Each structure stands twice: as structure tokens, then as C-alpha cells.
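Input: a single structure, listed below in C-alpha cells.
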There are 2 protein chains.
Amino acid sequence: MTAETPPTDFDLDHFLPYRLDRLADRVSEALAHLYEAHYDLNVAQWRVLAWLHHRHELTAKQICASTRMDKARVSRAVQVLEGRDLIVRRPSPRDQRLHELRLTEAGQALMVELVPQVRAWEAELVAPLTTDEYRRLLDMMGRLERRLQEGE
Amino acid sequence: MTAETPPTDFDLDHFLPYRLDRLADRVSEALAHLYEAHYDLNVAQWRVLAWLHHRHELTAKQICASTRMDKARVSRAVQVLEGRDLIVRRPSPRDQRLHELRLTEAGQALMVELVPQVRAWEAELVAPLTTDEYRRLLDMMGRLERRLQEGE
DNA sequence: CCTGTATGGTTTCATGTGCAACTATTCAGC
DNA sequence: GCTGAATAGTTGCACATGAAACCATACAGG
């Protein structure tokens with residue numbers, strides 16, 4: 001497993017955390033152009049919208065779990081999105097502590113417009129990979145994530 | 001290439017940027033425990049040390065390029081590390097604008113202690129992957145990065 | 001019921017970061 | 001050799017973020 005990295009030196013180009021961070025950063029930055037420039041959304045806001053688009057109705061807590069964002073960060077993103085009438089937030093009738101979030105018509109419309117662009121962009125990004133490679137990539141990433149979860 | 005994601009819904013678990021970000025975040029967080037708790041280094045400081053350990057002598061500019069960090073961020077990390085006598089910073093005799101950075105004895109000693117722990121931790125992380133898979137993973141990531149570079 | 005505890009979410013505060021303005025040094029063109 | 005543009009690095013400022021304190025609601029045990 002260490003065949004790639006000589007034992008004496010510390011070659012960062014073969015160090016997974018570094019490579020992962022660099023790639024994630026570049027991907028994130030490039031993707032952000034899609035929703036920042038045209039829709040004035042920051043990363044947190046985009047993620048909230050994406051999850052609401054995906055799951056239809058969620059509470060802030062659930063979004064925290066899905067996105068690994070701090071609850072304060074989610075709270076603030078929700079406030080902005082609500083102020084822009086892209087989502088609605090109403091206390092659950094069952095439990096007044098939690099608030100059900102969902103897209104408004106406007107929010108839905110925005111996502112219907114934005115999501116295809118995002119998907120097209122991703123397709124462009126992963127074009128150099130074969131379908132099989134892409135599948136393997138996600139699979140390996142999944143195994144690494146699971147390993148981190150069990151450790152913590 | 002889109003066989004995995006149904007065309008109507010937007011499944012974030014098969015969306016590479018999201019998966020990449022989540023994994024990088026988890027890896028980064030776990031790794032940070034190694035150098036934060038015991039050595040009181042933040043991410044920026046760790047990266048500067050790692051690159052100086054790797055390359056022996058660099059300028060702030062070169063570290064910016066390697067790490068994709070803002071020059072202000074590098075500058076501040078350097079100030080802290082210099083204050084802790086982990087690195088030295090001297091103006092290049094050739095060009096007084098740029099400052100050559102290198103590890104001090106203490107910095108070297110710290111890295112000699114820390115790097116093996118970091119490598120062991122990474123080895124543990126990627127243990128579920130075969131050598132070949134690991135190689136392919138880095139290769140795929142490299143291709144994705146190159147794709148982003150040519151686009152920008 | 002009433003009291004104490006747990007939970008969802010908000011707000012406050014300290015900190016880290018990026019951008020832009022700035023300083024110091026170099027270098028090209030005249 | 002000056003002058004003006006370019007470059008390495010620093011600093012000021014505004015903003016986003018995370019941790020912790022906080023508020024409101026729910027719920028369990030007496």
C-alpha cells in the first residue's frame with residue numbers, strides 16, 4: 001500500500017487527504033460559479049435548496065445531518081432563503097419545536113432551472129471517466145467514508 | 001454516464017461534488033485531530049509545514065500555488081510559525097521581495113515526529129482499498145483536476 | 001399537574017478567511 | 001539612472017463560520 005510513497009520523503013501528491021481537499025476545493029469553486037453569479041446563492045443556501053428539491057420536505061435538523069453543516073449555518077441559510085421567498089418554514093403541527101421546510105413555487109422554479117445546468121456541468125466534469133470508473137469512484141469514496149464513520 | 005441518476009430527480013448521493021465535499025470534509029476533520037490537539041496547528045499552518053518538509057525551501061508564493069491558499073492566509077500562517085520558531089524566513093539575497101522559508105531544527109523535529117503518525121493514519125484510512133484501487137483513485141482524481149484546470 | 005431534562009432552532013461572540021488596498025522591491029523602456 | 005509597471009508579501013475590513021449560551025417546546029417521573 002505504500003509502494004507509491006518512498007518511506008523517507010513525504011510526497012503530498014500521493015497523500016490522499018491533500019489530493020482530496022484540492023480536488024473538492026476546485027470542484028466546489030467551479031460549481032459555485034453556477035449558482036453564485038446567476039442566482040446569488042452561497043454554498044450553504046445552495047445545499048439547503050438542493051436537499052429540499054431532493055427530499056421535498058425536511059427539518060433543519062435533517063438538513064444538518066445530510067450536509068454536515070453546523071445548525072447555526074443552516075439556520076442562517078434558511079433565514080435568507082425564507083426572506084427571498086424561496087422556501088417556507090412552518091412549525092410542525094405535531095411538534096412545535098421543529099419546523100418543516102419546503103420549496104415555494106419560486107424556489108421550485110429556480111431549482112427546475114438550475115438543476116439541469118448543474119447536472120450538465122457535472123456530466124462535463126466526469127466525461128473523462130467511463131461509466132464503470134465513475135461507479136467505482138463513488139464506491140471507493142463510500143468505503144472510505146464508512147471507515148471514517150465507524151472510527152468516530 | 002447518467003444511468004445512475006434518474007432524469008427527473010436529483011439524487012445527491014450520486015452527485016460527485018457533494019460526495020467529494022462530504023468525504024474531503026470528513027477526512028480533513030479527522031486528520032486535523034492529529035495536528036491540532038497535540039501540536040496546536042491549524043490547517044493552514046499544517047500545510048505550510050508539510051510543504052516545507054516536502055520541499056525543504058520555498059517562498060510564500062510557491063506555497064500559495066501548491067496549497068491553493070490565499071496569500072494573506074499563507075502570510076498569517078507563516079507569521080505564527082515563525083513566532084513559534086518552527087520556521088525561519090529570510091529575504092532572498094537575489095530578490096529582496098521574496099522570502100525563503102525553511103524549517104528550523106525545532107520545525108524539522110516536529111515534522112519528524114508528526115509525519116509518521118499522519119502516514120500511519122492515512123494507511124489506516126485507505127486500508128479497505130487494494131493497492132491497485134488506490135492507484136486508480138488517485139489517477140481518476142488527477143484526470144478530474146486536469147479537466148478543471150483546462151476549463152479555467 | 002409541576003418540575004427537571006432533552007431537543008430543535010436562534011443568537012451572540014470570537015476567530016479565520018478572502019478581497020482589496022497598500023508597501024517595498026525589482027525590472028523594463030526610454 | 002529615472003519613471004512606471006509588475007510582483008511578493010502584509011494589513012485593514014467586512015463577512016461567514018463554529019462553539020457555546022440561550023429560548024421555546026416537548027416529555028418523563030413523581
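Labels below follow one simple rule: chain letters A, B, ... track the order of the sequence lines, proteins then strands, and each chain is numbered from 1. Every value quoted in this text rests on a predicted model; they were computed, and no experiment measured them.
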Starting at CG of Leu31(A), measure out to CG of Leu20(B) and round the result to the nearest 0.5 Å.
11.0 Å
Residues which pass salt bridge (Lys or Arg N to Asp or Glu O under 4.0 Å) with Asp85(A), listed by chain and number, not counting sequence neighbours
none
Ignoring backbone atoms, establish whether Ser75(A) has a side-chain N or O less than 4.0 Å from OP1 or OP2 of dT10(C).
yes
Hey, can you pull the donor-acceptor pairs under 3.5 Å for the side chains in residues 69-80 of chain B, sequence neighbours left out?
| from | atom 1 | to | atom 2 | distance (Å) |
| --- | --- | --- | --- | --- |
| Asp70(B) | OD2 | Ala72(B) | N | 2.9 |
| Ser75(B) | OG | Gln79(B) | NE2 | 3.3 |

Between dG8(C) (P) and Arg90(A) (CZ): distance, integer Å
18 Å
So if I take residues 77-87 of chain A and measure heavy-atom distances to DNA chain D, which residues fall below 4.0 Å?
none
Please state how far atom CG in Leu98(B) lies from atom C1' in dT23(C), giving the value in whole angstrom units.
15 Å
Applying side-chain contact (heavy atoms from CB on, under 4.5 Å), can you list everything that pairs with Ser28(B), at least two apart in sequence or on another chain?
Asp21(A)
Separation of dT7(C) atom C1' from Gln62(A) atom CD, nearest Å, is 14 Å
Separation of dA14(C) C1' from Asn42(B) CG (nearest whole Å)
15 Å
Could you work out, with salt bridge (Lys or Arg N to Asp or Glu O under 4.0 Å) as the rule, every residue matching Glu105(B), not counting sequence neighbours?
none
Between C1' on dG9(C) and CG on Leu101(A), what's the gap in Å once rounded to a whole number?
11 Å
When the distance from CD of Glu100(B) to P of dG9(D) is rounded to whole Å, what number comes out?
10 Å
Could you pull out the protein-nucleic contacts involving nucleotides 23-26 of chain D (nitrogen or oxygen on both sides, under 3.5 Å)?
| from | atom 1 | to | atom 2 | distance (Å) |
| --- | --- | --- | --- | --- |
| dA26(D) | OP1 | Gln96(A) | N | 2.8 |

Mind listing the N/O atom pairs, protein and nucleotides 18-22 of chain C, below 3.5 Å?
| from | atom 1 | to | atom 2 | distance (Å) |
| --- | --- | --- | --- | --- |
| dG18(C) | N7 | Arg76(B) | NH2 | 3.2 |
| dG18(C) | O6 | Arg76(B) | NH2 | 3.0 |

Apply side-chain contact (heavy atoms from CB on, under 4.5 Å) to Leu98(B) and list each qualifying residue two or more places apart in sequence or on a separate chain.
Thr59(B), Ser92(B), Asp95(B)
Under the salt bridge (Lys or Arg N to Asp or Glu O under 4.0 Å) test, which residues partner Glu145(B), sequence neighbours left out?
Arg19(A), Arg22(A), Arg26(A)
Donor-acceptor pair between Gln117(A) and Tyr35(A) side chains, under 3.5 angstrom:
no
What pairs with Arg90(A) under salt bridge (Lys or Arg N to Asp or Glu O under 4.0 Å), at least two apart in sequence or on another chain?
Glu100(A)
Could you work out, with side-chain contact (heavy atoms from CB on, under 4.5 Å) as the rule, every residue matching His54(B), not counting sequence neighbours?
Asp9(A), Asp11(A), Leu12(A), Trp51(B)
Which residues pass the side-chain contact (heavy atoms from CB on, under 4.5 Å) test with Glu36(A), not counting sequence neighbours?
Ala32(A)
